[in-house]
Amino acid sequence: MPSDTALCSGTRYPVRSSEIGVGASFPAQVMPGRAVQPTAQFIVRSAGGIPKPFATGLTRIGDASVLGQHSTVRY
């Protein structure tokens, strides 16, 4: 645990907490037999706010945005 590591090593670490993810996805038929489904996700406190690798101090990994698309073709 970060608190144990901080206690034994004498360095400060941010305490991990929760991760929150919000997503939106919607299908759209662009023509008969062809559909696309864009998706967007936003993650707050990625991995619970773990420290950034190779960073000094209390720097945490930042929030993340993920964009994607799924498409379906029927013939």
Which atom pairs, one a donor and one an acceptor, fall under 3.5 Å between side chains of residues 31-38 and the rest of the protein, sequence neighbours left out?
residue, atom, partner, partner atom, Å
Gln37, NE2, Ser25, OG, 2.8

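Taking every heavy atom of both residues into account, Arg45 and Asp63 meet most closely at N-OD1, 3.0 Å.
By the criterion of side-chain heavy atoms lying less than 4.5 angstrom apart, applied directly or through intervening Ile, Leu, Val, Met, Phe, Trp or Tyr residues, Phe42 is grouped together with Ile20 in one hydrophobic cluster.
In this structure the side chain of His70 never reaches within 4.5 angstrom of the side chain of Thr39, judged on heavy atoms.
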